[in-house]
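These notes are about the structure you will find just below.
Residues: numbered from 1 along the sequence shown.
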Amino acid sequence: PFAASIELIHTYSLIHDDLPSMDNDDYRRGKPSSHKVFGEELAILAGDGLGTFAYEIMVEKGLKVTSKENVLKIVREVSHASGPWGMVGGQAADILVAKKRIKVEDKREMVKFIHTHKTQKLIAVCPTIGGILGHCNSDELHHLKSYGEKIGLAFQIMDDVLDAGKEENTLTFPKVYGIENSKQIARKLVEEGKEQLTMWGEKARELSDIADLIVERSS
């Protein structure tokens, strides 16, 4: 139920992200965007519905697989990662910069803020949820969250690298650091992320492989 809830939140964010008032994308994963098929009104409501339904699933279905204490911890973590202190806040900053509504004094700090909030935090909460469900101690949770933060930022950097030249006013790592330097930063983050998994050895092989895929992907 918690994995499904993250998918719902992610999907809602993509539906809203594609809207004309946001990124104005007509296609998502090779198919017409939600607002192109169903209209803007229903696309907005679909996103709203998915975002709120996610929490219903976490509570109703989550209580059947774990304790009330764990459900509350997870709801708190997901809320923080997806709300104004996370994904929504990062997206807001992204828009303000792209539309030149705020003055950017330090582009490096701003692009890091945008990406650590709009992308990194939602990715980082996923291994954190796994750690909570797996009864990890505070030290283990710290390492899992750090792993997620490292690969989450690397994912967005590689996204920017693959889309280099397509953005207009959006602030990206390639625009600030250049394409090759951005690739190097992403690779370093992935290696640092994998280092957070050493205490689990082979048990963390799949998480390590996921980290590698981030810098190896071509789309």
Side-chain angles (χ1 to χ4, degrees), residues 6 9-25 28 47 51 54 74-129 131 141-196 210-211 214-215 217:
I6 291 294
I9 291 170
H10 184 223
T11 302
Y12 115 67
S13 73
L14 298 181
I15 291 174
H16 281 185
D17 200 42
D18 289 337
L19 289 166
S21 59
M22 300 281 275
D23 285 356
N24 193 25
D25 284 325
R28 170 66 62 178
I74 292 169
V75 167
R76 192 268 173 192
E77 291 287 341
V78 174
S79 298
H80 186 79
S82 59
W85 309 113
M87 180 180 70
V88 172
Q91 189 63 52
D94 196 18
I95 290 170
L96 291 172
V97 171
K99 295 186 180 295
K100 298 181 179 179
R101 294 181 186 174
I102 57 174
K103 185 177 180 181
V104 179
E105 299 289 348
D106 188 331
K107 289 185 178 180
R108 292 190 176 193
E109 283 300 312
M110 180 55 76
V111 74
K112 184 179 179 182
F113 176 88
I114 291 171
H115 289 348
T116 54
H117 286 73
K118 82 168 189 177
T119 304
Q120 181 204 68
K121 290 200 173 185
L122 192 62
I123 291 177
V125 83
C126 296
T128 303
I129 290 172
L141 278 175
H142 170 76
H143 283 286
L144 282 172
K145 188 171 185 178
S146 182
Y147 156 81
E149 289 171 346
K150 300 288 186 183
I151 69 165
L153 182 54
F155 180 89
Q156 183 60 58
I157 293 172
M158 289 307 298
D159 235 29
D160 290 344
V161 168
L162 293 170
D163 288 339
K166 295 181 182 179
E167 321 91 343
E168 294 181 3
N169 297 320
T170 304
L171 195 61
T172 67
F173 264 74
K175 285 182 179 178
V176 176
Y177 293 94
I179 291 178
E180 289 307 314
N181 283 337
S182 295
K183 288 180 180 179
Q184 290 180 14
I185 293 170
R187 292 191 191 101
K188 186 172 185 292
L189 284 167
V190 164
E191 291 306 313
E192 291 174 351
K194 289 162 65 176
E195 288 173 6
Q196 301 298 314
I210 287 172
I214 287 173
V215 290
R217 66 196 181 99

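Taking 4.5 Å as the limit, every side-chain heavy atom of Lys150 sits out of range of all side-chain heavy atoms of Glu195. Between Val215 and Lys183 the shortest side-chain heavy-atom distance does not fall below 4.5 Å. Residues Glu77 and Ile129 form no side-chain contact, since every pair of their non-hydrogen atoms from C-beta on lies 4.5 Å or further apart. No side-chain heavy atom of Leu153 sits less than 4.5 Å from a side-chain heavy atom of Glu149. Contact annotation: the side chain of Val176 never approaches that of Met110 to less than 4.5 Å [non-hydrogen atoms, C-beta and beyond]. Contact of the Tyr147 side chain with the Ile210 side chain is registered, since non-hydrogen atoms from C-beta on lie closer than 4.5 Å.
The two residues Ile214 and Met158 come nearest to each other via the heavy atoms O-CG, 3.5 Å. Smallest separation of non-hydrogen atoms from Leu144 and Gly131: CD1-CA, 3.6 Å. Across all their heavy atoms, Ala98 and Asn169 have their closest contact at O-CB, 3.1 Å. The heavy-atom pair separating Ser21 from Lys99 by the smallest distance is O-CE, 4.4 Å. Scanning all heavy atoms of the two residues, the minimum distance from Val88 to Ser82 falls at CG2-O, 3.1 Å. Closest approach of Pro127 and Gly148 over heavy atoms only: CG-CA, 3.9 Å.
The main-chain N or O of Val161 is never found under 3.5 Å from a side-chain atom of Ser182 such that the two would form a donor-acceptor pair. Under a 3.5 Å cut-off, the side chain of Lys175 and the backbone N or O of Thr170 do form a donor-acceptor pair. For Ser79 (side chain) and Val75 (main-chain N/O), a donor-acceptor pair under 3.5 Å exists by modelled atom type.
With rounding to the nearest 0.5 angstrom, the CG atom of Leu162 is 9.5 Å from the CD1 atom of Ile179. With rounding to the nearest 0.5 angstrom, the CD1 atom of Ile123 is 12.0 Å from the OG1 atom of Thr128. Rounded to the nearest 0.5 Å, atoms CD1 (Ile114) and CZ (Phe173) are 10.0 Å apart.
Applying the side chain to side chain donor-acceptor pair (under 3.5 Å) test to pairs two or more places apart or on separate chains, those with a residue in residues 109-122 are Asp94-Lys118, His115-Asp160, Thr119-Gln156.
Within the 6.0 Å centre-distance limit, the rings of His16 and Tyr12 are counted as a close aromatic pair.
A salt bridge does not link Lys188 with Glu191: none of the charged nitrogens is closer than 4.0 Å to a carboxylate oxygen.
Not counting sequence neighbours, the partners of Asp18 by the side chain to side chain contact (heavy atoms under 4.5 Å, CB included) test are Asp25, Arg28, Ser33, His35.
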